[in-house]
Amino acid sequence: DEECRVPKGSDESLMQKYITAFKNSTYFFFNPRFPANFGVRHYAGIVQYHIKDFVEKNRNNINEGVIAAIQSSKLPFLASLLKQIEAVEDKDKSLSSSS
């Protein structure tokens, strides 16, 4: 999650973090001969992933329709949720502009 939020986060640095963090895990699989691929053992078996565009695909971009639905809601919880989303987006923008 951290790598996806950092403006200069990259697929390569995310992969290195995965390798470092999960090198002793029986749930994470990495073969140095295929440096852009890794596997995760799920309940249904091993799922293979390719790191290309992984960071970009996992950035916290919220669909405009979802934001509009939250904005029109009368539920206090959703109003507070929107404020939290806006605070995170503002923080992300300030990080992006300062780098």
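Just so it is clear, the model here is predicted, and its values are computed rather than measured.
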I need the minimum non-hydrogen distance between [X] and [Y], along with the two atoms involved.
| X | Y | answer |
| --- | --- | --- |
| Leu78 | Ile70 | O-CG2, 3.3 Å |
| Ser72 | Ala69 | OG-O, 3.1 Å |
| His50 | Asn37 | CD2-OD1, 2.9 Å |
| Asp11 | Val55 | OD1-N, 2.9 Å |

Applying the 4.5 Å side-chain criterion to the ILVMFWY set and letting contacts propagate, would [X] and [Y] be lumped into a single cluster?
| X | Y | result |
| --- | --- | --- |
| Phe29 | Val47 | no |
| Met15 | Phe34 | no |
| Val66 | Leu75 | yes |

Members other than Tyr43 in its cluster, when Ile, Leu, Val, Met, Phe, Trp, Tyr link by side-chain heavy atoms under 4.5 Å? none
Taking the ring of Tyr18 and the ring of Phe30, is the distance between their centroids below 6.0 Å? no
Measure from the side-chain N and O atoms of His42 to the backbone N and O of Ala44, and report whether any donor-acceptor pair falls under 3.5 Å. no
Using a 3.5 Å distance criterion without hydrogens, assess whether the side chain of Thr20 forms a donor-acceptor pair with backbone atoms of Lys17. no
Rounded distance (nearest 0.5 Å) linking atom CZ of Arg41 with atom CZ of Phe28: 13.0 Å
